[in-house]
2 protein chains.
Amino acid sequence: MELKVFSEKLVNALKSNQTCSFFCLCKINYSGRAEAELDEGERLIVIKSDNTLLVHQDLGSNPVNYMKADTKIDVLFVKGGILIQTHNQKYKDYLDIFVKDVFNFDSRKLEDGKKLVLVGTEKDMSDMIRDNPSIIFDDFRPLSREEHTRYGFIDVFGHDGEGNFVVVECKRYVAGLSAVQQLRRYVEKMVELRGLDIGSVKGVLAAPSITASAEVMLKDWGFDFVSVNPPRRLEKFNKNQKSLGDY
Amino acid sequence: MELKVFSEKLVNALKSNQTCSFFCLCKINYSGRAEAELDEGERLIVIKSDNTLLVHQDLGSNPVNYMKADTKIDVLFVKGGILIQTHNQKYKDYLDIFVKDVFNFDSRKLEDGKKLVLVGTEKDMSDMIRDNPSIIFDDFRPLSREEHTRYGFIDVFGHDGEGNFVVVECKRYVAGLSAVQQLRRYVEKMVELRGLDIGSVKGVLAAPSITASAEVMLKDWGFDFVSVNPPRRLEKFNKNQKSLGDY
DNA sequence: ATATAGATCTCGTCA
DNA sequence: TGACGAGGTCTATAT
């Protein structure tokens, strides 16, 4: 594609806040939170209506370079090509794309008011535990859930039949050392602020599984592990599989 | 675009491992590590040559739905549109895209052998400290850097003039509670495994700044904070700004 | 704005 | 392959 034509299309699309997508030959410089260089090669570039910019190579989930929303984007003619010069005020960073060749250009104002509905998060796990407290142990009595307390952000908080406090930390995947430390921090903070004996506050880590070293640390601190899976995993898919014709 | 034409183009592009980009009207179901639904709306869909699939709405850096590399992708005609049915064996997840309308389709085999060169990471910080140990304190003597030891992954390890061990944890950004806990874990592990007195191992947190609560925790544990900035921040940009004509 | 923690985190690296 | 930690993490939420 003629660079002049590309430039006009890009400028118009940016003006009207369309989302753009194009393949091009380019090299890239980034400066801000770090410094990065990417030598000449072919990439897919996406610019969204909120002025998010993504540069994708042909492998991997993540963009090789990007700028976050509200980036100022200028298009300049320079010797040998076009310079897309960008700057984000909030993050104080800069990305320059020197475009040598463009292979296509598409843009569109995307009409989309829908939001993703997601189930199976850590929050859903803590909901499930609140509604089914015996998952943790028989006489567990939850008092609150997902609360920013002065002890920290505790997933599920409650007490046992003997009046001891119980702090539950949920993880939706295998719990590691940092999860144990997180639990430890909440328990310690609670002991400290309430002037309790260490040992009078129970700590429970609820996750699908736990690493060996994390389990050692957990035991050292007198905490317990309970194997819990995030709710609804695969349920919906199984339903859909049975009714593909419903699409 | 005719859905039949789109289907042919997509299937051909997938066969020849091209990277694809198209705007479409669709609804989406995900099932696997979680469950997700996204009702009908217009999105940009990208499929890479490694069979990574990304669904982007017109806002934000992250895809609203995605599948990781090595996803199996099938294209089926169904009542009212086309179903892009995908499955990733490794992650045991499924993504179905029901496409009602397509507005464009582009694909290309991207020629790109270049890799991003990045400077200013935490690793660069620990390099800088090893080369300028007085940043930490006057008589700091680094022994190793970025080491996977049985004590954990310690950024910089060394000793002071009196033979005490010193563990340094680096953070590129504001250090929070978790950074203090990480340091605490390394120090405790070292004390335990070497049979040392607590207090004979110094802990230092090196970061641009530290949050108030993290600093309290740090002092409680007898550790020190040293303000260190990651190297080379903005240097390259300043250079570039002076020599834009060089492009 | 800053602080805190989750994420279908992703990605690299090492045992 | 699992474990562990960084990330230009990004994002949501609360203060």
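Protein chains get the first letters and strands the later ones, always in sequence-line order, with residue 1 at the start of each.
Closest to the side chain of A:L118, from the set C:dA5, D:dC10, C:dT8, is C:dT8. The side chain of B:R172 sits closest to D:dG8 out of C:dA7, D:dG8, D:dT11. Of the candidate nucleotides C:dT4, D:dC4, C:dG6, C:dG6 has the atom nearest to the side chain of A:E169. With distances taken from any side-chain atom of B:K68 to the nucleotides D:dA3, C:dT10, D:dG7, the minimum falls on C:dT10. Counting only heavy atoms from C-beta on, A:L116 has its side chain closest to C:dT8 among D:dG8, D:dA6, C:dT8. Nearest to the side chain of B:T211, among D:dC4, D:dG8, C:dA3, sits C:dA3. Counting only heavy atoms from C-beta on, A:N62 has its side chain closest to C:dT10 among D:dA6, C:dT10, C:dT8. The side chain of B:R33 lies closest to C:dT10 when the candidates are D:dC4, C:dT10, C:dG6. Nearest to the side-chain atoms of B:Y186 among the listed nucleotides C:dC11, D:dG5, D:dA3 stands D:dG5.
Dashed line: the shortest gap from a side-chain N or O of B:K171 to OP1 or OP2 of D:dA6 is under 4.0 Å. Using a 4.0 Å cut-off, no side-chain N or O of B:R185 falls inside it from OP1 or OP2 of D:dC4. For C:dT4, one of the phosphate oxygens OP1 or OP2 lies less than 4.0 angstrom from a side-chain nitrogen or oxygen of B:S213.
A donor-acceptor contact closer than 3.5 angstrom is absent between the side chains of A:N51 and A:T71. No side-chain N or O of A:Q57 forms a donor-acceptor pair with one of B:K48 less than 3.5 Å apart. Remark: the A:S49 side chain and the A:N17 side chain contain no N/O donor-acceptor pair separated by less than 3.5 Å. No side-chain N or O of A:S178 forms a donor-acceptor pair with one of A:Q181 less than 3.5 Å apart. Residues A:R185 and A:Y151 bring no donor and acceptor atom of their side chains to less than 3.5 Å of each other.
The NZ atom of B:K189 sits 13 Å away from the C1' atom of D:dC4 (whole-angstrom rounding). Counting to the nearest Å, the C1' atom of C:dG6 and the CD atom of A:Q181 are 17 Å from each other. With rounding to whole Å, B:N65 atom CG is found 13 Å from C:dT10 atom P. Summarising the geometry, the separation between NE2 on A:H148 and P on D:dT15 is reported as 7 Å, rounded to the nearest angstrom. Distance CD (B:E122) to P (C:dG12): 17 Å, rounded to an integer number of Å. Here C:dC11 presents its C1' atom at 14 Å from OH of A:Y173, a figure rounded to the nearest Å. Across the protein-nucleic acid pair, A:E146 atom CD and C:dT4 atom C1' stand 12 Å apart, rounded to whole Å. The nearest whole Å value for the distance from the NZ atom in A:K92 to the P atom in C:dA1 is 10 Å.
A cation-pi arrangement is present between A:R33 and A:Y91 under the rule of less than 6.0 angstrom and at most 45 degrees off the ring axis.
Mapping A:Q182 and B:V174 onto DNA chain C by nearest heavy atom places B:V174 closer to the 5' end of the strand. Between A:F153 and B:M67, the residue anchored nearer the 5' end of DNA chain C, judged by the nucleotide with its closest heavy atom, is A:F153.
C:dT4 and C:dT8 have their P atoms separated by 23 Å, with the value rounded to a whole Å. A distance of about 23 Å separates the P atoms of D:dC4 and D:dG8, rounded to the whole Å.
Here B:Y91 does not pack flat against the base of C:dT8, since the 5.5 angstrom centre distance and 30 degree tilt limits are not both met. D:dG8 has its base stacked against the ring of A:Y66, the centroids being under 5.5 angstrom apart at an interplanar angle below 30°.
The residue A:S178 sits apart from the nucleic acid: no heavy atom pair falls under 4.0 Å. Residue A:E147 is classed as having no contact, given no heavy-atom separation below 4.0 Å to the nucleic acid. Within 4.0 Å of B:G60, counting heavy atoms only, lie sugar-phosphate atoms of the nucleic acid but no base atom. Across all strands shown, A:R150 has no heavy atoms under 4.0 Å from either base or sugar-phosphate atoms.
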Expected list for residues 123-130 of chain A: side-chain donor-acceptor pairs under 3.5 angstrom, two or more places apart:
unit_1	atom_1	unit_2	atom_2	d
A:D124	OD2	A:G120	N	2.7
A:D124	OD2	A:T121	N	3.0
A:D124	OD2	A:T121	OG1	3.1
A:S126	OG	A:K123	O	2.8
A:D127	OD1	A:R145	NE	2.9
A:D127	OD1	A:R145	NH1	2.7

